[in-house]
Visitor: 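Take a look at this one; I'll ask things after.
Every heavy atom of this structure was used, including side-chain atoms; hydrogens, water molecules and symmetry mates were not.
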Amino acid sequence: MAVKYNQKFLWLVSLTAAMGGFLFGYDWVVIGGAKPFYEPYFNLITSAQKGWGTSSALLGCMAGALGCVFLADRLGRKRLLIFAGFLFALTGVGTALATNFMWFNVYRIIGGVAMGIALNLSPMYIAEIAPPEKRGMLVTINQLMIMIGVLLAQLINWQISLLDTALPSNASNEIIAQSWSGMYGWRWMFGVEAIPAAIFFLLMFLVPESVRWLVKNGQNEKATSILDRIGGKDYAAHQIREVELTLSKENVGHVNFRELFNLKVLKIIGIGVFLAFLQQWSGLNVVIYYASDIFQAAGYNLKEMMLNIVVIGSVMVLSVFITLFTVDRLGRKTLLLVGTSAMAIIYGIIGYCFYANYNGVVIVLLVLANVMFYSFTLAPLLWVVLSEIFPNRIRGAAMSIAALAHWIGNFSLTYTFPAIKESLGWANNFWLYALICAIGFVVLFKFLPETKGKTLEQIEHDLIG
């Protein structure tokens with residue numbers, strides 16, 4: 001059945017939902033550029049203090065993901081994304097005005113709750129409204145917006161740091177703590193987030209609810225109206241029939257959590273959880289969160305380091321365009337295998353560079369190469385795959401479990417990294433990530449199904465029966 005889609009409507013709805021991804025990207029990365037300034041201000045000395053400052057938001061992320069396990073299939077995607085928009089605005093203002101380290105972390109945790117909701121539900125919402133042949137590209141738009149948020153955070157951090165012309169590039173922590181950047185600059189880095197957060201909050205009131213959630217909750221008329229607007233009456237009728245075939249009468253308006261323990265469903269959840277942990281323990285978040293430490297170890301001063309971080313963000317944004325043009329052609333599995341194999345090799349080389357004391361531009365180029373492979377494979381495709389492989393009737397709960405695993409992996413990696421780096425050293429640390437990526441390649445090659453070009457209902461039939 002050839003369908004002429006309402007491209008304008010699809011893109012407007014997808015881009016609005018993907019603003020949740022944009023805010024996630026900003027909130028996720030702003031901490032990295034602010035780190036050299038708020039740590040001296042709060043006089044953070046120990047590895048535990050520094051690890052907590054960097055990773056406290058991840059506890060909120062886990063809480064947000066856990067909340068979605070119980071609420072995403074009950075309340076729907078739209079209402080929770082509106083709530084996330086409010087929390088993003090609150091964390092931007094609250095973190096910027098924090099008077100001590102405790103309140104700094106309280107507002108970072110609040111922002112983490114918003115991040116956990118947005119990263120979970122924005123791609124799921126888009127997947128549930130997108131036609132099958134465009135789903136990979138439209139869900140990847142969410143990742144593009146994440147990377148744009150990352151880049152904007154890095155650009156703003158860099159530009160704000162440049163405003164402090166009196167701060168030397170090799171300033172000590174004592175000098176930084178008393179400087180404009182140490183007293184006020186890092187606050188503006190966080191506070192800027194409140195503006196796009198308020199826009200996202202308002203725009204989410206204007207988009208429809210997920211069509212598959214509406215059908216699952218017996219609101220077929222609303223779902224039909226939305227699908228008719230996307231692809232016409234015949235398309236709407238066909239989609240409604242397909243969704244209804246995956247639901248029984250007792251599923252309507254009800255979440256049966258016992259289905260999560262069905263052996264076939266457990267296998268699919270296992271794949272999703274493994275992929276979520278792999279994306280985190282592949283090590284790229286260490287590069288994002290601790291970029292300042294990596295580049296300082298490679299011989300760069302403060303201002304050079306801030307510029308290098310901006311270059312990382314630019315590479316992340318540009319790399320996602322590779323995914324946009326290949327994900328629905330080459331498929332999810334092929335790209336993931338390319339990414340994990342390339343990252344394993346590059347990590348091995350980075351480890352050797354630190355072992356052999358090769359510094360400077362060599363480290364930067366290798367890090368950028370790894371960022372590129374991660375950014376068009378593991379970064380976007382985790383959320384494409386997770387938004388596709390779970391059954392309609394429990395998709396919200398199942399995806400939230402995988403998202404919770406993602407945040408547990410993120411927190412454990414980020415919080416323990418300072419201590420692991422001190423005990424293993426830079427070389428062994430990167431060799432560890434090379435081993436993890438190699439194991440990921442083997443597991444994905446053996447167990448990951450391909451989902452390109454299929455409706456969500458066809459995928460469910462193939463995997464669950």
Visitor: List the atom of I436, the atom of L278, and the distance in Å for their closest heavy-atom pair.
Guide: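 Taking every non-hydrogen atom into account, O-CD1, 3.8 Å.
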
Visitor: Ring pair (Phe, Tyr, Trp, His ring centres under 6.0 Å) between Y347 and W281: does it pass, once the steps are laid out?
Guide: CA-CA 13 Å; Y347 273 135; W281 279 90; over 10 Å; no

Visitor: Under 3.5 Å, is there a donor-acceptor pair linking the side chains of Q143 and T323?
Guide: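 No, because no side-chain N or O of Q143 sits under 3.5 Å from a partner of the opposite role on T323.
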
Visitor: Taking all non-hydrogen atoms of both residues, which atom of A118 and which atom of L81 are closest, and how far apart?
Guide: CA-CD2, 4.1 Å

Visitor: Applying ring pair (Phe, Tyr, Trp, His ring centres under 6.0 Å), run through Y5 and Y235 and close with a yes or a no.
Guide: CA-CA 9 Å; Y5 297 112; Y235 172 77; 5.5 Å; yes

Visitor: Is the shortest heavy-atom distance from the side chain of F390 to the side chain of L386 under 4.5 Å?
Guide: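 Result yes, sub-4.5 Å side-chain heavy-atom pair found.
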
Visitor: Before you tell me yes or no, could you show the steps for F201 and F205 under ring pair (Phe, Tyr, Trp, His ring centres under 6.0 Å), namely the whole-Å CA-CA distance, both residues' side-chain angles and the distance that decides it to 0.1 Å?
Guide: CA-CA 7 Å; F201 173 77; F205 282 98; 5.3 Å; yes

Visitor: Could you tell me which non-hydrogen atom of I126 sits nearest to which non-hydrogen atom of S14, and how far apart they are?
Guide: CD1-O, 3.6 Å

Visitor: Do C61 and L404 have side chains that get closer than 4.5 Å, going by heavy atoms?
Guide: no

Visitor: Please check if the number of heavy atoms outside Q7 that lie under 6.0 Å from its CD is greater than 12.
Guide: yes

Visitor: May I ask you to test the I199-M19 pair for a side-chain heavy-atom distance under 4.5 Å?
Guide: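 I199 reaches M19 side chain to side chain.
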
Visitor: Looking at D27, T91, T95, which hits side chain to side chain donor-acceptor pair (under 3.5 Å) with R108?
Guide: D27

Visitor: Between E209 and K222, does any side-chain N to carboxylate O distance fall below 4.0 Å?
Guide: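 Not counted as a salt bridge, because no side-chain N and carboxylate O are separated by less than 4.0 Å.
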
Visitor: Per the ring-ring contact (aromatic ring centres under 6.0 Å, His included) rule, which among F104, Y107, Y184 passes with F190?
Guide: F104

Visitor: Could K452 and E133 be called an ion pair, given the rule that one side-chain N must be under 4.0 Å from one carboxylate O?
Guide: no

Visitor: Can you name the salt bridge (charged side-chain N to carboxylate O under 4.0 Å, His left out) partners of E128, sequence neighbours left out?
Guide: R77, R395

Visitor: Return the orientation label for the Y433 and F430 ring planes: parallel under 30°, perpendicular over 60°, tilted otherwise.
Guide: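 Because their plane-to-plane angle is over 60°, the rings of Y433 and F430 count as perpendicular.
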
